[in-house]
Amino acid sequence: MCVRQQKWEMRSQKFMLDIKLLRQSIDSIALQLKSRNVAIDVAHFTALEEERKTLQVKMQALREERNKRSKAVGKTKAGGDSIEAAKTSLKQLSDELKVIEGQFATVEEALDVFLAQLPNLPHESVPIGKNESDNQIIRTVGEPCQFSFIAKDHVALGAHHGWMDFETATKLSGSRYVVLRGPLARLQRALIQFMLDLHTREHGYQEIYVPYIANVECLFGTAQLPKFQEDFFALHGNATQQYLIPTSEVTVTNTVRDQILDCAQLPIKYACYSSCFRSEAGTYGKDMQGMLRQHQFEKVELVQIVRPETSYQALQALTQHAEVVLQRLELPYRVMLLSTGDMGFAAAKTYDLEVWLPGQERYREISSCSNTEAFQARRMKARFRDEAGHIDYVHTLNGSGLAVGRTLIAILENYQDERGRVHIPKALQPYMNLEVIDCEENWYAHR
RNA sequence: GGAGAGAUGGCCGAGUGGUCGAAGGCGCUCCCCUGCUAAGGGAGUAUGGGGCUUAAACUCCAUCGAGGGUUCGAAUCCCUCUCUCUCCGCCA
């Protein structure tokens, strides 16, 4: 028996777009993907697909014959007659089948390579553009504050007493790490607690804790693999390949992998705090100062598993949920609708939240909220059964609610005063048990 | 880390080379019967893909943890891996 066919079928679900849609309307898909700067070789695909079909039909016919005749052999043997002649001719058939199966496997591999390059199709409402300069500002909330003094950046504000210590972090690990002490370590912890409480108490998310190490299937399911292997850390010395999660989206979303959910379970809404690990390969020289871009950072992630017809409503809601964090912290921000050229591989539509950073005098990304529609679900085989018993893929969404390190930066820079003190936003004060971080204070005395 | 036992459908569980996609039970759905309830009778109840179709029907292929091998034929035999359980040791 050969299991190659199953492998192929699994892939056809796992990869990207709906394989049936692709077969039917490759031309219109090519057109849509062009807006994402992806050129696809339609002729190549069509040829492969033709070959695949021919071979599959032939292979199945041969198998059918083999199965039938093998069963007949069994009967003959049970009847006590000789089966030698039948064995010889069946051996030929079996060999022929193996050749076809080999050819089929070759075509399948070529299709693999082709399909793996295809990102999700953008939603029709997504602006067509080359890169981030074509993103649309949806709304701006709050005013960038005007200081009567020259605003410091978070590196300067955190430097007192080694509260934000990059030198020690470099000694411990390397570049792009940070050590936080005293009030800043507490601020980070307070932010995590604040965000989780908000989402679980007011937005209806269930808190979830997941592993920070994920297997290949997870990374594949959420589409970090196979294309973006260099973006995160692989663990060595393991028999099985494992990776540090670049976001808890990976493990949280994969909790529903290989499942047929009951429609009564939907929507599923998870809020997850985790550390995140990114190699930041190819970002040399970018944001080298400060803790804006780190190999290890903290994030509260929001994930929703929903019915297809509700996923765009859910995207609006999820984006709102992330925005509320900024609103409660009274940080000025704006909402960007990403253009086709700037979206992530798995996303059909993405809103970025950008917070105002006085130290840089510009807005910086602090959250990214995406609807991947069934793109991840297909790869994960995450489905649901509706009231009528029909099975369909779920839609998955994810968004940061928020990136904790960057929120900490935003608070330092937006809430600084002329003396270099940092005031704590009202909403956060109960969590900090403090109103102001005073650089003239001895923090060892603080309880 | 050492020793052993396992992995079968929604669940339990039979099945050591051939009509096994898989007995039996439970659960679930529909129907029948019974004055309600309970009990009873009957039928159905996996997933993915291909062919043919407007569609359905039909039919074929694949799937018994994963991958590979032996064979005309594999849930069943061999190899590798993963996971689970029990005992011992160690440990936050």
Side-chain angles (χ1 to χ4, degrees), chain A residues 1-25 48-105 107-109 111-112 115 209 211-221 235 237-243 254-265 374 377-394:
Chain A
M1 180 187 62
C2 178
V3 290
R4 284 179 188 132
Q5 189 195 3
Q6 190 213 353
K7 263 164 67 185
W8 185 83
E9 284 158 3
M10 282 177 65
R11 189 199 56 254
S12 67
Q13 304 165 45
K14 285 198 305 193
F15 275 90
M16 41 145 263
L17 313 169
D18 185 349
I19 187 75
K20 286 178 186 166
L21 189 71
L22 203 70
R23 285 170 190 159
Q24 281 167 12
S25 37
L48 280 175
E49 180 51 23
E50 273 301 311
E51 212 179 335
R52 180 232 108 219
K53 192 166 178 173
T54 310
L55 286 169
Q56 187 172 354
V57 169
K58 198 168 173 185
M59 183 174 74
Q60 291 194 355
L62 284 173
R63 281 179 178 167
E64 182 179 358
E65 194 185 342
R66 180 205 60 191
N67 289 349
K68 282 184 173 154
R69 287 170 62 185
S70 285
K71 278 185 181 177
V73 169
K75 282 187 200 168
T76 308
K77 198 182 170 191
D81 298 323
S82 166
I83 58 170
E84 287 313 309
K87 271 175 75 169
T88 309
S89 79
L90 266 175
K91 173 70 176 162
Q92 274 176 16
L93 192 151
S94 190
D95 289 343
E96 189 187 348
L97 178 58
K98 270 174 190 152
V99 172
I100 302 289
E101 284 173 342
Q103 292 171 351
F104 186 77
V107 173
E108 142 190 296
E109 274 168 36
L111 274 167
D112 266 5
L115 295 171
Y209 169 82
Y212 293 179
I213 293 174
N215 58 27
V216 174
E217 286 77 12
C218 286
L219 275 295
F220 197 92
L235 268 45
N238 293 48
T240 55
Q241 189 58 268
Q242 293 178 313
Y243 301 89
N254 271 280
T255 55
V256 297
R257 190 177 73 220
D258 284 322
Q259 287 201 337
I260 300 176
L261 301 158
D262 191 293
C263 58
Q265 294 173 261
R378 230 173 266 120
R379 299 162 77 102
M380 293 191 302
K381 284 201 282 176
R383 294 161 291 172
F384 77 104
R385 199 186 305 269
D386 70 15
E387 290 81 355
H390 298 301
I391 291 169
D392 195 10
Y393 291 104
V394 296

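To find a chain, count down the sequence lines: A is the first, B the second, and so on, and within it residues start at 1.
In this structure, CD in Q92(A) is found 13.5 Å from CG in L97(A), a value given to the nearest 0.5 Å. Atom OG1 of T76(A) is separated from atom NZ of K71(A) by 14.0 Å, given to the nearest 0.5 angstrom. Here L62(A) contributes atom CG and R66(A) contributes atom CZ; the two are 9.0 Å apart, rounded to the nearest 0.5 Å. Here the CZ atom belonging to R385(A) is positioned 11.0 Å from the NE2 atom belonging to H390(A), to the nearest 0.5 angstrom. Remark: K91(A) NZ to D95(A) CG distance equals 4.5 Å, nearest 0.5 Å.
When the P atom of rC81(B) is taken as reference, atom CD of E217(A) falls 17 Å away, rounded to whole Å. Counting to the nearest Å, the P atom of rG50(B) and the CD atom of E108(A) are 14 Å from each other. The distance from atom CD of Q56(A) to atom P of rC60(B) is 16 Å, rounded to the nearest whole Å. To the nearest angstrom, P of rG68(B) lies 11 Å from CD of E101(A). Between E64(A) atom CD and rC61(B) atom P there is a gap of 5 Å when expressed in whole angstrom units. Summarising the geometry, the separation between CG on L261(A) and C1' on rG10(B) is reported as 14 Å, rounded to the nearest angstrom. In this structure, N67(A) atom CG and rG17(B) atom C1' are separated by 15 Å, rounded to whole Å. Rounded to whole Å, atom C1' of rG51(B) lies 13 Å from atom CE of M59(A).
Separating the C1' atom of rG1(B) from that of rA14(B) is a span of 37 Å, rounded to the nearest Å. Rounded to whole Å, the separation between the P atoms of rG51(B) and rU70(B) comes to 30 Å. For the P atoms, the distance from rG65(B) to rA74(B) is 15 Å, rounded to whole Å. Annotation: rU37(B) and rC30(B) have their P atoms spaced 15 Å apart (nearest Å). Here, rU53(B) and rG42(B) have their C1' atoms 34 Å apart, quoted to the whole Å. Comparing rU86(B) with rA75(B), their P atoms are spaced 31 Å from each other, to the whole Å. rC64(B) sits 16 Å from rC11(B) when the C1' atoms are compared, rounded to a whole Å. Nucleotides rG13(B) and rG73(B) have their C1' atoms positioned 27 Å apart, rounded to a whole Å.
Nearest-nucleotide mapping onto RNA chain B: of A61(A) and G389(A), the residue sitting toward the 5' end is G389(A). Take the nearest nucleotide of RNA chain B for E65(A) and for K53(A): the residue whose nucleotide is more 5' is K53(A).
If you check every strand for non-hydrogen atoms under 4.0 Å, K87(A) touches a base. Here I391(A) lies in heavy-atom contact (under 4.0 Å) with sugar-phosphate atoms only.
None of D262(A), V256(A), D392(A) except one satisfies the side-chain contact (heavy atoms from CB on, under 4.5 Å) rule with F384(A); the exception is D392(A).
One finds a side-chain N or O of K91(A) lying less than 4.0 angstrom from the OP1 or OP2 phosphate oxygen of rC72(B). Look at R66(A) and you won't find any side-chain N or O under 4.0 angstrom from OP1 or OP2 of rC61(B).
Taking every side-chain heavy atom of R52(A) into account, rG50(B) is the closest of rC72(B), rG18(B), rG50(B). When distances are taken from the side chain of K77(A) to each of rG18(B), rC61(B), rG21(B), the shortest belongs to rG18(B). Which of rG49(B), rG51(B), rC72(B) sits closest to the side chain of R23(A) comes down to rG49(B). When each of rA62(B), rU19(B), rU47(B) is scored by its nearest atom to the side-chain atoms of K75(A), the top-ranked nucleotide is rU19(B). Side chain of V57(A), nearest nucleotide from rG50(B), rG18(B), rU47(B): rG50(B). Of the candidate nucleotides rA62(B), rU47(B), rG18(B), rG18(B) has the atom nearest to the side chain of S70(A). In this structure, the nucleotide among rG73(B), rU47(B), rG51(B) sitting nearest to the side chain of S94(A) is rG73(B). With rU47(B), rG50(B), rA62(B) as the choices, the nucleotide that has an atom nearest any side-chain atom of R385(A) turns out to be rU47(B).
When both pairing distances are held under 3.5 Å, rA75(B) makes no Watson-Crick or G-U pair with any nucleotide shown. Across all strands shown, rC58(B) pairs with rG51(B); the Watson-Crick or G-U wobble distances both stay below 3.5 Å. The partner of rC91(B) cannot be assigned: no Watson-Crick or G-U wobble pair with both contacts below 3.5 Å exists in any strand. Across all strands shown, rU16(B) has no partner, as no Watson-Crick or G-U wobble contact with both distances under 3.5 Å is found. If you check rC64(B) for Watson-Crick or wobble pairing at under 3.5 angstrom, you find it has no partner at all. Figure legend. rC83(B) is base-paired to rG6(B); pairs are counted as Watson-Crick or G-U wobble with both atom distances under 3.5 Å. Base pairing annotation: rA23(B) forms no Watson-Crick or G-U wobble pair, as no partner gives both donor-acceptor distances under 3.5 Å. As the counterpart of rC30(B), rG42(B) is assigned, both hydrogen-bonding distances of the Watson-Crick or G-U wobble pattern falling under 3.5 Å.
Panel note: side chain S94(A), backbone L90(A); no donor-acceptor pair is recorded below 3.5 Å.
Between R63(A) and E101(A), at least one side-chain N (NZ, or NE/NH1/NH2) sits under 4.0 Å from a carboxylate O, which counts as a salt bridge.
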